[in-house]
Chemist: 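Take a look at the following structure, please.
Atom set for the values below is all heavy atoms of this structure, side chains included, hydrogens, waters and symmetry mates excluded.
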Amino acid sequence: ALILTDEGQIVGYTDMSYVGKMMTQVLPEYSVVLDRLTKSNTDSNSYFEVAIGGKNYTVFHSAMRNGWYMALFMNDRDLYGEANTQRWLNIVVNVLLLLLIVTAILTGSRNRIRAQEALQSRELFVSRILDNLREPLGKILRLSDMQRFNNSTDIKADMADIKASSLQLKEMMDNLR
């Protein structure tokens, strides 16, 4: 904390050896603060930001009716350090979550495409199997038709065809396993 007159004389400071001296002589880097304080409203309670000695400070100040100014200097790192840390942590967490969501979307999309391809492949496989099974089954049904069977001249040949078609059908079904 620093208490100054409007001429820049130090009235109060944490180092009591500076009291009564001109701020521009003992704290020359703070002269920018005196300029800002004297240009501010005399009855104001406010703050401004200033760089002193390579560090950023927020100066909270109050003007008193007797022409004195009270200023409190807060290093921005001390004042906002935790908030900045939380802000950066929040940004990092949000970016990681965004990356996780994008990865999940891309993985889901790839899996959906693979599932569609597998389904098409399965449908093609089943269609081919059904086509292959229809031929011997149709032959069995045709040959085992009672009316045709009763009118047949070569029953042994028809029975051999039924047996061959049945064996072919059984072999195809065994190959499905």
Side-chain angles (χ1 to χ4, degrees), residues 1-134 172-177:
L2 176 65
I3 301 174
L4 297 169
T5 64
D6 54 0
E7 293 88 27
Q9 182 179 9
I10 299 173
V11 180
Y13 190 60
T14 52
D15 185 346
M16 292 303 289
S17 65
Y18 290 173
V19 173
K21 297 180 181 172
M22 296 302 289
M23 185 182 75
T24 54
Q25 294 173 347
V26 292
L27 299 169
E29 66 272 14
Y30 285 67
S31 61
V32 68
V33 174
L34 181 61
D35 292 339
R36 296 282 300 266
L37 288 174
T38 55
K39 290 178 185 174
S40 68
N41 220 349
T42 55
D43 291 330
S44 69
N45 294 314
S46 187
Y47 70 93
F48 58 87
E49 295 178 355
V50 66
I52 300 172
K55 294 182 181 178
N56 293 326
Y57 290 91
T58 299
V59 180
F60 297 94
H61 63 90
S62 178
M64 297 176 218
R65 289 194 175 108
N66 62 0
W68 290 4
Y69 299 95
M70 183 173 68
L72 176 64
F73 297 82
M74 292 293 300
N75 183 318
D76 284 356
R77 180 169 282 173
D78 295 339
L79 188 61
Y80 303 115
E82 189 174 319
N84 285 336
T85 302
Q86 289 174 352
R87 179 178 34 220
W88 282 109
L89 182 61
N90 192 8
I91 289 170
V92 168
V93 167
N94 286 334
V95 166
L96 289 174
L97 286 174
L98 180 63
L99 290 173
L100 183 65
I101 290 169
V102 167
T103 302
I105 289 171
L106 291 176
T107 301
S109 179
R110 276 190 240 122
N111 288 343
R112 182 181 49 81
I113 290 169
R114 285 186 198 141
Q116 286 174 338
E117 289 171 352
L119 181 62
Q120 288 173 347
S121 176
R122 181 178 166 260
E123 286 174 354
L124 181 62
F125 172 76
V126 169
S127 174
R128 286 181 181 163
I129 292 296
L130 288 176
D131 287 344
N132 289 337
L133 292 177
R134 277 191 186 104
M172 288 177 168
M173 293 173 85
D174 287 343
N175 287 338
L176 288 178
R177 292 184 198 174

Chemist: Might you point out which heavy atoms bring Trp68 and Ile3 nearest each other, and give the distance in Å?
Modeler: CE3-CG2, 4.0 Å
Chemist: So, Asn94 side chain and Asn90 main chain: donor-acceptor pair closer than 3.5 Å or not?
Modeler: yes
Chemist: For Tyr69 and Val33, what are the C-alpha separation, side-chain angles and deciding distance, and is it a side chain to side chain contact (heavy atoms under 4.5 Å, CB included)?
Modeler: CA-CA 11 Å; Tyr69 299 95; Val33 174; over 6 Å; no
Chemist: With heavy-atom distances below 4.5 Å as the criterion, would you say the side chains of Val26 and Tyr13 are in contact?
Modeler: no
Chemist: Can you check whether Phe73 and Phe60 have ring centres sitting under 6.0 Å from each other?
Modeler: no
Chemist: Taking Gln9 for the side chain and Gly20 for the main chain, is one N or O donor matched with an acceptor at less than 3.5 Å?
Modeler: yes
Chemist: Any chance you could lay out the side chain to side chain contact (heavy atoms under 4.5 Å, CB included) test for Val19 and Val11, step after step, and finish with the verdict?
Modeler: CA-CA 5 Å; Val19 173; Val11 180; 5.8 Å; no
Chemist: Between OH of Tyr47 and CZ of Arg36, what distance do you get to the nearest 0.5 Å?
Modeler: 11.0 Å
Chemist: To the nearest 0.5 Å, how far apart are NZ in Lys55 and CD in Glu29?
Modeler: 11.5 Å
Chemist: Between CG of Asn56 and CD of Glu49, what distance do you get to the nearest 0.5 Å?
Modeler: 7.5 Å
Chemist: Quick one: do Arg128 and Asp131 make a salt bridge, cutoff under 4.0 Å?
Modeler: no
Chemist: As an exercise, state the distance from CD1 of Ile10 to NZ of Lys21, rounded to the nearest 0.5 Å.
Modeler: 8.5 Å
Chemist: Tell me, with the steps shown, if Asp6 and Leu34 meet side chain to side chain contact (heavy atoms under 4.5 Å, CB included).
Modeler: CA-CA 8 Å; Asp6 54 0; Leu34 181 61; over 6 Å; no
Chemist: Report yes if the side chains of Phe48 and His61 come closer than 4.5 Å at any heavy-atom pair, otherwise no.
Modeler: yes
Chemist: Please lay out, stage by stage, how Tyr30 and Val50 fare under the test side chain to side chain contact (heavy atoms under 4.5 Å, CB included).
Modeler: CA-CA 9 Å; Tyr30 285 67; Val50 66; over 6 Å; no
Chemist: Do the side chain of Thr24 and the main chain of Pro28 share a donor and acceptor less than 3.5 angstrom apart?
Modeler: no
Chemist: Looking at CE of Met64 and CG of Leu4, how far apart are the two atoms once the value is rounded to the nearest 0.5 Å?
Modeler: 9.5 Å
Chemist: Could you measure the distance from the CG atom of Leu72 to the OH atom of Tyr57? Nearest 0.5 Å is fine.
Modeler: 11.5 Å
Chemist: So with a 6.0 Å cut-off around CE of Met70, is the heavy-atom count from everything else above 12?
Modeler: no
Chemist: Ignoring hydrogens and geometry, is there a side-chain-to-backbone donor-acceptor pair from Ser127 to Glu123 under 3.5 Å?
Modeler: no
Chemist: Is it the case that the side chain of Thr103 and the backbone of Leu99 share a donor-acceptor pair, with hydrogens and angles ignored and the cut-off at 3.5 Å?
Modeler: yes
